[in-house]
Amino acid sequence: MVIGLAAGLAAGLATAGEAPVQAQASDPAPADPRLWLEDVAGEKPLAWVREHNAVAERELGGAAHEALRARLQTILDAKERIPYASKHGDYLYNFWRDARHVRGIWRRTTLAEYRKEAPDWETVIDLDALATSENENWVWAGASCLEPRGDRCLVSLSRGGGDAQVVREFDLKTRAFVANGFALPEAKSSIAWIDQDTVFVGTDFGKDAMTTSGYPRIVKEWKRGQPLAGARTVYEAGATDLSASAHRDLTPGYERAFVSRQIDFYTSELFLVDAGKLVKIDKPLDANAYAVRDQMLVELRSDWTVGGRTWPQGSLLAMDFDRFMRGERNFEALFTPTATTSLDGVAVTKNALLLTVLDKVKNRVVELRRVDQTWQRRDVAAPGIGTLGVSPLDNIESDQYFLTVTDFLNPTTLYLGDVGSDKRERVKAMPAYFDSKPYTVAQYEAKSKDGTMVPYFVVMDRKAKMDGKNPTVLYGYGGFEVSLKPSYSGLIGNAWLEQGGVYVLANIRGGGEFGPRWHQAALKENRQKAYDDFIAVAQDLIARKVTSPRHLGIMGGSNGGLLVGATLVQRPDLFNAVVCQVPLLDMARYHKLLAGASWMGEYGDPDDPKQWEYILKYSPYQNVFKDKHYPRVLFTTSTRDDRVHPGHARKMAALMQEQGHDILYWENTEGGHGGAANNAQAARMWALTYSFLLKQLK
């Protein structure tokens with residue numbers, strides 16, 4: 001029996017059935033007998049991981065699982081996928097993985113070629129070949145090229161997929177790394193071009209160079225050929241700040257350098273570098289400010305009274321940059337939110353701003369052009385109703401832009417559009433990975449505990465009976481102002497919908513679906529509201545007889561892993577399966593592990609007795625008990641996750657096993673916070689996940 005296997009793994013690690021250590025408000029982190037599992041690469045913890053992986057793979061494996069895994073990898077490796085690209089100089093660059101290029105290739109082509117069904121690509125970097133030649137486990141982490149037409153790039157590579165990266169200078173002409181060029185050893189660094197021979201850099205310079213969150217505290221100006229230790233210090237943030245960084249806007253005619261002090265996740269200071277001195281930008285601490293050519297733009301997270309009037313939170317303001325720096329404050333609102341709308345994104349082209357607006361969790365696009373010192377506004381007629389993504393082709397030289405259109409049932413399509421026109425060219429489209437005809441999408445609302453109406457989407461077979469027997473997975477996140485929007489997924493279509501499953505996406509508070517107010521409603525002491533919302537959606541699904549507790553499962557990752565963990569311990573009666581991915585779970589110690597300190601603006605400080613009092617009430621690790629009956633849980637995480645510590649999942653799984661609860665645990669030894677470093681690992685992870693859900697909920 002599975003329970004017997006689980007108990008066998010726990011034998012010898014702790015007393016069977018041991019109760020959790022119940023923390024008191026004055027002592028958020030008492031002695032924890034499972035701290036040894038926080039030793040990420042320790043021999044004993046990794047042996048524990050291997051044992052648990054073997055149990056999960058034995059139970060969830062088999063012919064059906066292998067068939068699903070193969071199908072999912074075929075989807076992930078498919079050559080018909082959209083090769084999303086960004087333009088630099090005369091080329092469009094794309095990073096691509098498939099069955100032949102497991103680690104991937106960075107490649108380029110021209111716009112004329114890109115428009116073709118089968119473009120002729122030129123390989124710039126072959127990551128598989130590079131990893132083999134250097135005997136390294138390289139995972140691609142991106143490239144930053146010198147704008148507008150420079151031939152040098154800063155390439156970032158990660159060992160195994162973690163956030164810490166190696167940075168190397170690369171020559172696009174020779175397609176080779178630059179000997180004795182700019183290079184940084186593995187660290188969580190920030191680096192940005194000033195000119196071809198100078199960069200801003202923040203990295204682990206040595207003692208006291210990093211913040212308590214593990215990010216750069218010091219920004220330096222580093223010149224070519226100069227030892228890193230000799231670089232000139234530009235700015236130093238405080239040790240308890242989140243990070244410091246700098247960048248230079250390289251738009252011709254509007255070159256300006258800025259330094260950012262990120263105080264916490266939601267507050268920051270911005271400085272203009274003027275003749276070697278730092279001039280503070282006058283903005284609210286929680287606002288995001290940036291320059292776009294001759295304009296200063298400010299995105300507000302809170303109401304702002306300035307210049308004799310009050311601008312509401314969620315607004316986008318603009319005014320002349322030079323006049324702003326002289327002290328004038330006659331802003332103009334480019335976007336003002338309503339009860340159902342929020343600003344989802346701002347894209348910049350040569351002569352326009354393209355605002356992506358969320359309206360009842362559906363996107364629309366507004367085009368703004370400045371003509372004769374006034375803003376002209378135009379609603380863009382976008383194809384379809386769903387999720388829209390806008391990215392400029394070249395924000396310095398072009399007014400063309402890519403428009404991505406997606407929803408739950410229609411394959412994602414990529415268009416090339418032009419500012420000022422609703423005509424656009426269909427450039428690429430994802431193939432249909434499943435037959436969408438049998439399915440329908442509905443949007444409902446659930447009433448949360450405090451009366452707030454919470455929207456959610458349901459994707460299901462239109463012939464499904466409302467008899468409470470449909471296997472249903474409810475997905476949520478609810479944090480960091482992240483909006484969950486409809487999108488097409490061949491993995492969900494094949495692994496879940498085609499197996500008779502119902503997929504539900506919840507737009508709970510803590511997210512950004514209705515702007516800053518929706519996010520701030522579930523911050524810190526109000527965190528429980530996000531969990532109440534999630535529970536309300538589950539109850540509404542049951543009340544509508546879409547499903548029932550026997551057939552309802554929940555899934556979430558990272559902050560969503562905390563969401564499903566908290567919901568698990570609060571309302572175990574509502575579910576029969578929980579998938580908890582790369583989660584935070586021990587909220588007494590989250591701020592002491594990896595990047596955890598950077599999230600205290602979201603959750604609060606466990607070392608403060610008053611804040612620990614409300615954190616303790618929902619922290620899953622402190623609220624799981626032997627005498628309660630919990631639905632079965634599958635924990636998944638990654639050894640190489642250097643953002644959310646794998647110790648969270650390890651310790652929670654071990655504790656629940658010791659108490660006699662039925663869990664499965666699977667940890668990928670690579671992959672970073674995404675859980676997988678390549679398509680093969682991703683296919684395996686998702687096949688295990690959906691095999692578990694099918695077994696529990698059908």
Side-chain angles (χ1 to χ4, degrees), residues 84 86-87 111 115 251 253-254 288-300 309 311-321 323-324 330-407 410 412-429 483 485-486 512-516:
Y84 294 103
S86 58
K87 187 173 181 290
L111 179 58
R115 284 178 153 128
T251 305
Y254 300 99
N288 183 28
Y290 51 97
V292 177
R293 294 183 169 81
D294 66 342
Q295 296 288 298
M296 170 64 84
L297 270 62
V298 182
E299 297 179 24
L300 297 181
R309 63 179 299 178
W311 302 99
Q313 70 175 160
S315 297
L316 175 65
L317 311 180
M319 69 168 292
D320 180 85
F321 183 89
R323 285 170 34 215
F324 174 85
N330 54 331
F331 285 104
E332 182 175 352
L334 302 185
F335 174 81
T336 304
T338 67
T340 62
T341 63
S342 64
L343 184 63
D344 198 31
V346 180
V348 179
T349 70
K350 183 179 180 180
N351 294 296
L353 299 177
L354 293 163
L355 310 185
T356 310
V357 177
L358 262 183
D359 191 345
K360 296 181 181 177
V361 204
K362 300 179 182 70
N363 280 132
R364 52 186 173 85
V365 176
V366 177
E367 177 186 294
L368 295 166
R369 285 191 291 170
R370 193 158 176 80
V371 180
D372 297 329
Q373 304 303 307
T374 60
W375 288 99
Q376 294 186 353
R377 181 182 305 264
R378 187 179 75 86
D379 290 331
V380 177
I385 298 175
T387 301
L388 304 175
V390 178
S391 59
L393 180 67
D394 184 329
N395 63 1
I396 292 178
E397 298 182 348
S398 172
D399 273 324
Q400 290 183 297
Y401 62 92
F402 288 119
L403 177 69
T404 305
V405 181
T406 187
D407 59 37
N410 295 292
T412 305
T413 305
L414 182 69
Y415 297 88
L416 182 63
D418 288 273
V419 167
S421 173
D422 286 332
K423 294 181 179 179
R424 55 184 63 86
E425 174 187 355
R426 182 179 180 275
V427 182
K428 306 287 178 188
S483 302
K485 296 172 287 186
E513 288 86 350
F514 297 103

Point-to-point distance, once rounded to the nearest 0.5 Å, from CG of D344 to CZ of R364: 11.5 Å
Any N363 side-chain heavy atom under 4.5 Å of L358 side chain: yes
Considering all heavy atoms, the nearest Q313-P516 contact: NE2-CB, 3.8 Å
Side-chain heavy-atom pair N395, T349 within 4.5 angstrom cut-off: no
Any donor-acceptor N/O pair, S483 side chain to G512 backbone, under 3.5 Å: yes
Which residues share a ring pair (Phe, Tyr, Trp, His ring centres under 6.0 Å) with Y401, sequence neighbours left out: none
Pair K87-L111, side-chain contact (heavy atoms from CB on, under 4.5 Å): steps then yes or no: CA-CA 9 Å; K87 187 173 181 290; L111 179 58; 5.7 Å; no
Derivation and outcome, side-chain contact (heavy atoms from CB on, under 4.5 Å), residues V292 and F321: CA-CA 9 Å; V292 177; F321 183 89; over 6 Å; no
Minimal non-hydrogen separation, E425 against R115, with atom names: OE1-NE, 2.7 Å
Residue pair L353 / L297, side-chain heavy-atom distance below 4.5 Å: yes
Shortest non-hydrogen contact from F331 toward V298: CE2-CG2, 4.1 Å
Inter-residue atom distance M296.CE - D320.CG, 0.5 Å rounding: 10.0 Å
Gap between atom OH of Y290 and atom CD of E299 - 0.5 Å precision: 4.0 Å
T413 and R426, any side-chain heavy atoms less than 4.5 Å apart: yes
Min side-chain heavy-atom separation N330-M319 under 4.5 Å: yes
Nearest atoms (heavy-atom pairs only) where G417 meets R424: CA-CB, 4.0 Å
Partners passing salt bridge (Lys or Arg N to Asp or Glu O under 4.0 Å) against D422 (at least two apart in sequence or in another chain): R378
Note, L317 side chain near L334 side chain (heavy atom, < 4.5 Å): no
L416 and F402: CA distance, side-chain angles, deciding distance, side-chain contact (heavy atoms from CB on, under 4.5 Å) verdict: CA-CA 5 Å; L416 182 63; F402 288 119; 3.8 Å; yes
Nearest atoms (heavy-atom pairs only) where G515 meets S342: N-CB, 3.2 Å
Student check: side-chain heavy atoms of T404 and Y84 closer than 4.5 Å: yes
K362 NZ: over 12 foreign heavy atoms closer than 6.0 Å: yes
Nearest-0.5 Å distance, CZ of residue F335 to CG of residue L368: 11.0 Å
Full working for side-chain contact (heavy atoms from CB on, under 4.5 Å) between V346 and L316: CA-CA 9 Å; V346 180; L316 175 65; 4.1 Å; yes
Pairs flagged by salt bridge (Lys or Arg N to Asp or Glu O under 4.0 Å) wherever residues 398-407 is involved - sequence neighbours left out: none
K360 side, atom NZ; E513 side, atom CD - distance, nearest 0.5 Å: 15.5 Å
pair R370-W375: side-chain heavy atoms closer than 4.5 Å: yes
Donor + acceptor pair across side chains of D359, T340 (<3.5 Å): yes
Reported CG-to-CG distance for the pair L354 and L403, which is rounded to 0.5 angstrom: 9.0 Å
